[in-house]
Number of protein chains: 2
Amino acid sequence: MKKNTVISAFESLSSGIRLDVFRLLVKKGPEGMVAGAIATTLDVPPTNLSFHLKALTQARLLTVEQEGRFQRYRANISLMLDLIAYLTEECCSGHPEQCADMRAASKCSDAVLPPISPTQVKP
Amino acid sequence: MKKNTVISAFESLSSGIRLDVFRLLVKKGPEGMVAGAIATTLDVPPTNLSFHLKALTQARLLTVEQEGRFQRYRANISLMLDLIAYLTEECCSGHPEQCADMRAASKCSDAVLPPISPTQVKP
DNA sequence: ACAACAAATCAACCAATGTTGAAATAAAAC
DNA sequence: GTTTTATTTCAACATTGGTTGATTTGTTGT
């Protein structure tokens with residue numbers, strides 16, 4: 001994974017509006033949302049939203065598809081998971097037991113992050 | 001989890017130097033590294049590194065501990081995992097099978113992200 | 001063709017961030 | 001106690017990002 005991709009992605013996620021947009025679309029999943037609906041839901045002026053959608057799309061965190069006069073945006077779940085992998089790779093130099101007691105579980109799904117097993121948590 | 005914490009964290013990870021520092025310390029685990037060693041390893045001028053270490057620490061992605069005249073920095077693995085949980089929560093509105101075919105595996109450890117099971121991957 | 005609508009671009013302004021060398025602080029070694 | 005070493009703070013500069021209203025592009029329905 002290219003470092004510039006990662007930097008662009010995190011840069012995109014460091015704005016409150018863009019973070020809200022991305023999480024909203026992660027929640028929506030494959031269905032996605034059209035630009036106007038996002039603007040209404042998050043109460044952001046369309047011009048400003050367009051600016052942030054462009055940034056997110058250029059960072060590849062979103063995809064766009066034209067639907068008539070609407071633009072449908074979807075979260076790039078694959079890139080999101082790549083980012084997670086990039087951050088956590090080589091964690092504790094391959095001795096994961098060292099950070100096992102600092103665990104926190106992702107809510108994405110059990111398919112992605114399973115519940116912590118009893119041997120991994122502190123009493 | 002507070003949104004400002006998340007924004008600060010991603011803002012911190014959107015600089016090439018800070019991203020390198022954080023990943024280096026994730027790799028080092030509980031051992032951590034002192035500031036000078038980080039500067040040498042990444043070939044960053046001490047003044048500049050200090051600026052970035054301060055940003056990462058204020059964002060709570062790093063912890064500092066004084067050791068004589070050295071400052072030892074460690075990655076806050078717990079916050080990193082909270083960020084992952086924040087990004088992925090409510091993924092596909094609780095229908096994770098919708099994004100299962102977009103999976104990518106984290107390298108952090110099997111304890112954190114297990115290998116993809118055969119039923120979760122596309123042929 | 002034309003009016004109505006969705007969304008993006010433009011230009012202007014304001015605010016925040018990254019980098020560097022020199023100076024300051026603070027602990028260790030002599 | 002003076003010198004050396006580790007790190008941070010400061011001041012200056014250059015660069016980049018965010019917001020807004022007006023304008024433009026492109027699509028649908030009449």
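Residue numbers start from 1 in every chain, and the chains themselves are labelled A, B, ... in the order their sequence lines are given, proteins ahead of strands. Just so it is clear, the values below take in all heavy atoms, side chains as well, and ignore hydrogens, waters and symmetry mates.
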Per atom distances to the B:Asn48 side chain, the nearest of D:dA6, C:dT20, C:dT17 is C:dT20

Have a look at A:Gln66 and say if it touches a base, only the backbone sugar-phosphate, or nothing, with a 4.0 Å heavy-atom cut-off.
sugar-phosphate

Please report the distance, rounded to the nearest Å, between CZ in B:Phe51 and P in C:dA23.
22 Å

Give the rounded distance in Å between these two atoms: NZ of A:Lys54 and P of D:dG17.
12 Å

Rounded distance (Å) that lies between atom P of C:dA6 and atom CD of A:Glu65:
19 Å

Considering heavy-atom distances to DNA chain D, does A:Gly68 or B:Val34 have its closest nucleotide positioned more toward the 5' end?
B:Val34

Could you tell me the separation between the CD1 atom of A:Ile38 and the P atom of C:dA7, rounded to a whole number of Å?
9 Å

Taking all non-hydrogen atoms of both residues into account, name the closest pair between A:Phe22 and A:Ala75 and its distance.
CE1-CB, 3.9 Å

Donor/acceptor link under 3.5 angstrom from B:Thr47 side chain onto base of C:dA22:
yes

Mind checking B:Arg72 for me? I need base, sugar-phosphate or nothing, with any heavy atom below 4.0 Å counting as a touch.
nothing

Rounding to a whole Å, what distance do you find between B:Leu49:CG and D:dT8:P?
8 Å

Rounded to whole Å, CG of A:Leu13 lies from C1' of D:dG17 at a distance of 16 Å

How many whole angstroms separate atom CD of A:Glu67 from atom P of D:dT28?
11 Å

Between D:dT7, D:dA6, C:dA8, which nucleotide gets closest to the side-chain atoms of B:Arg69?
D:dA6

Test your reading of the model: is there a side-chain donor-acceptor pair from B:Arg18 to the backbone of B:Glu11, 3.5 Å cut-off?
yes

Surrounding CZ of A:Arg72 (heavy atoms of other residues, nucleotides or ligands, distance under 6.0 Å), is the total greater than 12?
yes

Taking the side chain of B:His52 as heavy atoms from C-beta outward, which of C:dT17, D:dA6, C:dT19 is closest to it?
C:dT19

Just N and O in the side chain of B:Tyr73: are any of them under 4.0 Å from OP1 or OP2 of D:dA6?
no

Nearest-Å distance, CZ (B:Phe70) to P (C:dT25)?
21 Å

Hey, which of these two, A:Ala55 or B:Ser50, hits DNA chain D nearer its 5' end, going by closest nucleotide?
B:Ser50

Should A:Tyr73 and A:Leu49 be regarded as members of a common hydrophobic cluster, given that ILVMFWY residues are connected when their side-chain heavy atoms come within less than 4.5 Å of each other, either directly or indirectly?
yes

Among D:dT8, D:dT19, D:dT7, the one nearest B:Leu53 by side-chain distance
D:dT8

With a 4.0 Å cut-off on heavy atoms, is B:Pro46 in touch with a base, just the backbone sugar-phosphate, or nothing at all?
base

Listed nucleotide nearest any side-chain atom of B:Ile17, set C:dT19, D:dG17, D:dT8
C:dT19

In plain terms, say whether A:Glu65 and A:Arg74 are close enough for a salt bridge, that is, a side-chain N and a carboxylate O under 4.0 Å apart.
yes

